[in-house]
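Report on the following structure.
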Amino acid sequence: QVQLVESGGGSVQAGGSLRLSCEASGRIYAIYTILWYRQIPKKQRELVAAITTGGDTKHIDSAKRRFHITRGNGKATVSLQMNRLEPEDTGVYYCNYCSGYGCFDETDYEYTYWGQGTQVTVSS
């Protein structure tokens, strides 16, 4: 089993920045994808960003110029740099570990694990 520890959430004013981190531990396979999802109140859960072991990345259209996902220096650590935050970004952000060829496109998976989520609040 894979355990995910999320950190970096908090409250900021509009225009501010936050850096979310996701550290995975446990039975980690050589090939996997880390994805960040968010649950915005009254809206459907949506994929914010994703990165594969090979370095492929993608970001939600509404934030692709503001958010940047990268792999950290530590083992199985991924960071999501969030700049110029907007009140519309407020929500709970979840880190997801996914192994399988379909993880990046959300088509299929072999194993997947979720973090507990971290709250991001952006005030006007």
Side-chain angles (χ1 to χ4, degrees):
Q1 185 173 342
V2 175
Q3 294 79 42
L4 302 173
V5 179
E6 301 153 321
S7 62
S11 299
V12 298
Q13 293 183 341
S17 299
L18 286 173
R19 177 180 174 272
L20 305 183
S21 295
C22 175
E23 183 177 357
S25 62
R27 191 175 180 181
I28 302 174
Y29 290 91
I31 301 175
Y32 61 91
T33 300
I34 295 294
L35 308 95
W36 279 101
Y37 292 86
R38 69 183 180 188
Q39 180 64 62
I40 296 177
K42 301 181 180 180
K43 293 185 178 181
Q44 184 179 359
R45 175 178 59 88
E46 60 186 357
L47 176 65
V48 178
I51 185 169
T52 68
T53 306
D56 294 326
T57 63
K58 65 178 178 181
H59 303 78
I60 188 172
D61 289 340
S62 62
K64 63 181 181 181
R65 291 183 176 87
R66 301 183 292 116
F67 294 2
H68 185 53
I69 188 170
T70 59
R71 290 200 176 276
N73 295 326
K75 184 178 181 179
T77 300
V78 171
S79 297
L80 179 65
Q81 181 66 44
M82 308 165 66
N83 300 317
R84 290 176 286 136
L85 285 162
E86 305 169 352
E88 292 75 17
D89 295 318
T90 295
V92 180
Y93 286 68
Y94 297 90
C95 177
N96 174 267
Y97 167 96
C98 183
S99 63
Y101 291 108
C103 293
F104 191 69
D105 296 319
E106 299 179 277
T107 56
D108 198 6
Y109 66 88
E110 296 174 334
Y111 299 94
T112 186
Y113 300 92
W114 291 87
Q116 293 182 336
T118 183
Q119 177 70 42
V120 172
T121 302
V122 185
S123 59
S124 301

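Position 1 is the first residue of the sequence; numbering continues from there. All values below come from the heavy atoms of this structure, side chains included, with hydrogens, waters and symmetry mates left out.
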A side-chain contact here means heavy atoms from C-beta on lying under 4.5 Å apart; do [X] and [Y] qualify?
| X | Y | result |
| --- | --- | --- |
| Leu20 | Met82 | yes |
| Lys58 | Leu47 | yes |
| Gln116 | Val5 | no |
| Cys95 | Trp114 | no |
| Arg71 | Thr53 | yes |
| Ser17 | Val12 | no |
| Arg38 | Ile60 | yes |

Under the salt bridge (charged side-chain N to carboxylate O under 4.0 Å, His left out) test, residues paired with Arg27 that sit two or more places apart: none

Closest heavy-atom pair and its distance - Leu80, Ala49: CD1-CB, 3.9 Å

Under 3.5 Å donor-acceptor pairs involving side-chain atoms of residues 100-111, not counting sequence neighbours:
unit_1	atom_1	unit_2	atom_2	d
Glu106	OE2	Tyr37	OH	2.7
Thr107	OG1	Gly102	O	3.3

Short side-chain donor-acceptor distance under 3.5 Å, Arg19 and Ser21: yes

Set of side-chain hydrogen bond (donor to acceptor under 3.5 Å, both in side chains) partners for Tyr94, sequence neighbours left out: none

Pairwise distance CG(Leu85) to OG(Ser11) - rounded to 0.5 angstrom: 11.0 Å

